[in-house]
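Everything on this sheet refers to the single structure shown next.
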Amino acid sequence: ESKSKSGLKSPPESLNDLGAFESLRVPGKEEFRELREQPSDPQAEQELINSIEQVYFSADPFDIVKYELEKLPPVLNLQELEEYRDKLKQQQAAVSKKVADLILEKQPAYVKELERVTSLQTGLQLAAVICTNSRRHLNIAKEGFTQASLGLLANQRKRQLLIGLLKSLRTIKTLEEDYPGAIQLCLECQKAASTFKHYSCISELNSKLQDTLEQIEEQLDVALSKICKNFDVNHYTKVQQAYRLLGKTQTAMDQLHMHFTQAIHNTVFQVVLGYVELCAGNTDTKFQKLQYKDLCTHVTPDSYIPCLADLCKALWEVMLSYYRTMEWHEKHDSEETAAASEGSNVMSTEETNFDRGYVKKKLEHGLTRIWQDVQLKVKTYLLGTDLSIFKYDDFIFVLDIVSRLMQVGEEFCGSKSEVLQESIRKQSINYFKNHHRIRLDELRMFLENETWELCPVKSNFSILQLHEFKFLEQSRSPSVSPSKQPSATSSKPVTLFEQYCSGGNPFEIQADHKDEETEDVLASNGYESDEQEKSAYQDYDSDSDVPEELKRDYVDEQTGDVPVKSVSRETLKSRKKSDYSLNKVNAPILTNTTLNVIRLVGKYMQMMNILKPIAFDVIHFMSQLFDYYLYAIYTFFGRNDSLESTGLGLSSSRLRTTLNRIQESLIDLEGSADPTATLTAAEERKEKVPSPHLNQLVILTSGDTLYGLAERVVATESLVFLAEQFEFLQPHLDAVMPAVKKPFLQQFYSQTVSTASELRKPIYWIVAGKAIDYEQMLLLMTNVKWDVKEIMSQHNVYVDALLKEFEQFNKRLNEVSKRVRIPLPVSNILWEHCIRLANRTIVEGYANVKKCSNEGRALMQLDFQQFLMKLEKLTDIRPIPDKEFVEIYIKAYYLTENDMERWIKEHREYSTKQLTNLVNVCLGSHINKKARQKLLAAIDDIDRPKR
């Protein structure tokens with residue numbers, strides 16, 4: 001490799017050449033030492049160098065190994081190869097030694113040159129550091145002094161220029177906003193120019209001033225139009241002053257009304273267009289070309305209510321601006337009148353008064369015109385969509401918005417909003433008829449699936465706690481805060497314009513609070529507390545079967561059914577006979593169906609409250625809900641034709657009339673439609689509801705449960721509770737009922753609602769008629785011998801049997817009371833019915849006697865007195881019902897012929913059989929046959945009208 005770098009020169013020349021020497025590898029110190037220590041033969045070394053082939057001194061690179069391998073003979077000889085290798089090594093050694101000698105000869109010159117280069121490099125590096133530091137300091141000086149100073153000077157110059165520009169802009173802005181100032185300036189310049197109008201330059205200036213005034217008037221019209229949507233006192237004051245300077249006050253008022261009309265049209269169109277395009281989901285411009293009436297038909301049901309609310313909010317802003325415009329004129333008119341009274345310019349005052357009168361009349365006429373435009377726009381929107389597909393709550397919300405808008409109209413110009421009323425009334429009635437029909441069918445379904453189990457509500461339950469009646473509390477509460485309410489001396493209510501004049505909007509959609517509010521009306525188990533439940537049941541379980549525990553003094557009926565917050569053991573003991581199951585703390589007795597009916601009534605009242613023109617129709621439908629509920633309770637639990645024949649007046653004539661009316665007007669008694677019926681009859685049947693059927697799960701034939709007494713109590717008392725709620729709502733209904741329709745409401749309350757409690761008698765009579773075995777008592781009485789000859793001191797067995805029946809009845813009543821609270825009026829009616837039936841059975845038994853002596857009559861009195869004495873320990877009923885009915889019948893045995901005839905005519909409460917038996921028993925004792933015939937004839941005369 002070292003040989004190849006020497007070029008094409010001869011070997012000696014190449015070794016003596018410094019360039020060839022520099023290209024060779026410089027030997028190290030160890031190599032120098034080895035080469036110098038070797039014995040040398042200069043001539044031999046020169047021959048070796050000369051023997052090197054010329055190709056090794058070529059400057060062109062070549063593969064030495066390949067070259068040497070190609071020179072090898074085909075047949076290799078190891079000895080020859082070793083000899084040739086040794087030769088090459090000797091040549092290399094000779095070259096290396098020659099190079100070492102040359103380096104030793106020239107080494108001092110190279111060292112000196114190397115030192116000079118190193119010194120130069122060190123100097124250059126120091127110069128580079130000095131230059132870098134110099135440049136850095138120069139930059140610091142440039143930034144710290146030159147640029148900062150020049151920047152400050154430049155900014156100061158800009159500041160001076162901007163201050164001058166700002167002054168100019170403020171001057172221009174002031175002139176633009178100050179219409180009166182600009183007009184005053186133009187008029188003064190124009191007046192001055194008219195003096196020198198013979199100069200051409202002044203004439204041209206005058207023309208330009210006139211153009212300026214026209215431009216100002218155009219800008220004034222634009223400024224006036226802005227008043228229609230957002231009234232600003234300062235803005236409007238300047239505009240009016242400007243028009244007054246121009247002498248165009250009346251023109252301004254005409255323009256203002258035109259702008260209000262245009263604002264109403266543009267506002268409603270833009271609001272509806274925005275919703276239509278939003279729901280369409282594209283940017284098609286075809287909707288912008290539609291008429292407003294056609295545009296309203298493209299509003300989707302989902303966006304109908306938000307669009308209506310935004311429509312009314314936008315129209316409210318327009319009307320509020322008009323209202324505030326009128327307020328501004330009223331205020332400034334009074335101020336100018338006061339100022340004019342102090343002045344002396346009569347002509348100016350007359351002209352001002354004329355303008356003021358024109359403006360006032362124009363504004364007053366504009367009220368009706370603007371409200372008419374608003375009504376027509378909203379009417380078009382309302383009729384553009386079929387409201388029959390809306391949910392009830394959504395429909396109520398629409399009515400609420402329209403009702404609020406009508407209230408605005410009444411406060412705005414005293415209008416009754418006939419256009420709006422007519423547009424919504426017919427739709428409301430049709431919608432409500434269909435809705436009511438569906439609700440009646442639902443009510444029938446609820447009643448037929450009702451098992452008449454108690455719905456556990458808290459003892460302080462009130463319908464005002466239900467969401468459907470929240471509007472009643474809101475209507476009673478003030479609409480503004482106490483600080484904003486008028487003083488006590490002022491009875492004028494706060495109007496919507498006064499309330500929202502400073503901000504807000506009466507058509508803001510209020511968030512539905514139903515999700516936030518909770519109805520805390522249901523009780524977990526019907527008890528106020530676990531301790532009360534436990535103590536109550538312990539008390540009943542411990543001594544409910546002991547007759548002595550029923551012994552107590554008379555309790556006033558008026559104070560026996562008071563709601564109890566904390567019931568002690570003593571209180572339970574003392575009041576157990578008067579109001580069963582006081583552990584229920586007198587919570588209202590109602591069912592899920594009752595609660596649903598009450599909620600329906602609340603929803604109906606919401607509609608009626610919102611849309612008062614249909615109040616009569618709504619109240620009529622509400623009355624049908626009550627009618628159907630009452631008819632269902634009577635049909636399920638109170639209908640018993642056999643009891644009606646007793647003639648005891650269990651159902652009053654008023655109740656019978658009410659039930660007949662309901663059956664004729666509301667109940668569809670036919671199973672299927674009659675194809676031959678007239679169209680009118682078919683329409684009437686559509687408004688009727690099939691008669692409901694009692695749920696088969698309700699068992700009313702078991703004596704152990706007192707023939708379904710628990711279910712009967714829940715059903716009947718839920719009806720009474722429902723009637724009480726209707727009584728509570730009567731003032732609210734009466735307030736919205738039209739005067740000509742109030743007789744209907746009064747009749748509904750007097751003949752229907754008030755009869756709810758009267759259903760107790762026929763319903764509980766059925767229980768009383770089956771709870772006591774009266775037939776068995778009659779059989780026992782027939783076995784008694786009444787024609788005894790001596791006074792008896794022991795009463796008969798039938799009395800004990802009857803009292804045992806009553807004790808068993810009382811025990812069953814206690815068992816039922818553990819399921820359902822039995823109110824005092826109910827327990828009184830049950831006891832009264834049982835006692836009345838027992839007394840009449842006693843009279844019937846006495847009337848079956850064939851023979852009776854005076855001693856036998858005394859025995860009857862003894863039996864009855866024993867019965868009364870024991871019975872009074874079982875019940876608090878005072879006086880005992882029909883007590884005189886028995887006593888008078890027994891004592892009538894002792895009457896003479898004339899007295900008995902008069903007695904028969906006076907006591908028509910007894911049956912013909914009983915009267916006839918009385919006469920027959922007395923025959924032979926103190927009445928003869930002739931007298932008997934006379935008395936029987938008198939009885940027949942009494943009985944004839946009955947037949």
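One-based numbering along the sequence shown.
Tested against P588 for a side-chain contact (heavy atoms from CB on, under 4.5 Å), the candidates L454, I463, V457 yield a single pass: V457. Screening I842, L918, N839 for a side-chain contact (heavy atoms from CB on, under 4.5 Å) involving Y889 leaves a single residue, L918.
The closest side-chain heavy-atom distance from Y910 to I888 is below 4.5 Å. Side-chain atoms of E711 and R819, non-hydrogen and from C-beta on, do get closer than 4.5 Å to each other. The shortest distance between side-chain heavy atoms of L700 and F637 falls below 4.5 Å. Contact of the E844 side chain with the M781 side chain is not registered, since no non-hydrogen atoms from C-beta on lie closer than 4.5 Å. By the 4.5 Å heavy-atom criterion applied to side chains, V720 and L759 are not counted as neighbours. Under the 4.5 Å side-chain criterion, counting only non-hydrogen atoms from C-beta, V919 is in contact with I904. I699 has its side chain out of reach of Y707: every pair of non-hydrogen atoms, C-beta onward, lies at least 4.5 Å apart. Considering only heavy atoms from C-beta on, N695 stays 4.5 Å or farther from L447 through its side chain.
K883 NZ to F867 CZ: the interatomic distance, rounded to the nearest 0.5 Å, is 12.0 Å. Taken to the nearest 0.5 Å, the CZ atom of R857 stands 14.5 Å off from the CG atom of L862. Rounding to the nearest 0.5 angstrom, the gap separating the CZ atom in F809 from the CG atom in L813 is 5.0 Å. To the nearest 0.5 angstrom, I880 atom CD1 is 4.5 Å from L871 atom CG. Note: E450 CD to I633 CD1 = 8.5 Å, rounded to the nearest 0.5 Å. The CG atom of L719 sits 5.0 Å away from the CG atom of L630 when rounded to the nearest 0.5 Å.
The heavy-atom pair separating Y629 from S718 by the smallest distance is OH-OG, 2.8 Å. Closest approach of S702 to T705, counting heavy atoms only: O-OG1, 3.2 Å. Contact between N854 and Y894 at its shortest, heavy atoms only, is O-OH, 3.6 Å. Shown here for H436 and Y604, the closest heavy-atom pair between the two residues is ND1-OH, 2.9 Å. Shown here for R760 and H833, the closest heavy-atom pair between the two residues is O-NE2, 4.5 Å. Residues L706 and V767 share a closest heavy-atom pair of O-CG1, 3.5 Å.
With S462 contributing its side chain and Q465 its backbone, the two residues share no donor-acceptor pair below 3.5 Å. Of the possible polar contacts, none joining the T875 side chain to the E872 backbone as a donor-acceptor pair under 3.5 Å is found. Panel note: side chain N810, backbone F806; no donor-acceptor pair is recorded below 3.5 Å. For E448 (side chain) and H693 (main-chain N/O), a donor-acceptor pair under 3.5 Å exists by modelled atom type. At least one donor-acceptor pair closer than 3.5 Å links the side chain of D863 to the backbone N or O of N796.
Classification of E717 and R712 as a salt-bridged pair fails, no side-chain N sitting under 4.0 Å from a carboxylate O. Ion pair D441/R437 flagged as a salt bridge, since at least one NZ, NE, NH1 or NH2 atom sits closer than 4.0 Å to an Asp/Glu carboxylate oxygen. A salt bridge does not link R812 with E815: every distance from a Lys NZ or Arg NE/NH1/NH2 to an Asp or Glu carboxylate oxygen is 4.0 Å or more. A salt bridge links R654 with E758: the distance from a Lys NZ or Arg NE/NH1/NH2 to an Asp or Glu carboxylate oxygen falls below 4.0 Å. Between D627 and R661, at least one side-chain nitrogen of the basic residue sits less than 4.0 Å from a carboxylate oxygen of the acidic one, meeting the salt-bridge criterion.
Cation-pi geometry between R840 and F885 is met: the NZ or CZ atom falls under 6.0 Å from the ring centre, inside 45° of the normal.
Aromatic rings from Y764 and W831 are positioned such that their centres are separated by 6.0 Å or more.
No side-chain N or O of Q730 forms a donor-acceptor pair with one of Y749 less than 3.5 Å apart. At a cut-off of 3.5 Å, with distance as the only test, no side-chain donor of T658 or Q751 sits close to an acceptor on the other residue. No side-chain donor-acceptor contact under 3.5 Å links K850 and N920.
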message: Go through it in stages, so that I can follow the logic: the residues are T635 and Y631, the test is side-chain contact (heavy atoms from CB on, under 4.5 Å), and I'd like the CA-CA distance, side-chain angles, deciding distance and then a yes or no.
response: CA-CA 6 Å; T635 304; Y631 185 84; 3.3 Å; yes

- Under the side-chain contact (heavy atoms from CB on, under 4.5 Å) criterion, do L443 and L625 qualify, and how do the steps go? CA-CA 8 Å; L443 178 57; L625 294 175; 4.2 Å; yes

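Ring-plane geometry between F461 and F721 is classed as tilted, the angle between the planes lying from 30 to 60 degrees on a 0 to 90 degree scale.
Environment of NZ in K785: sparse, with no more than 12 heavy atoms of neighbouring residues, nucleotides or ligands closer than 6.0 Å.
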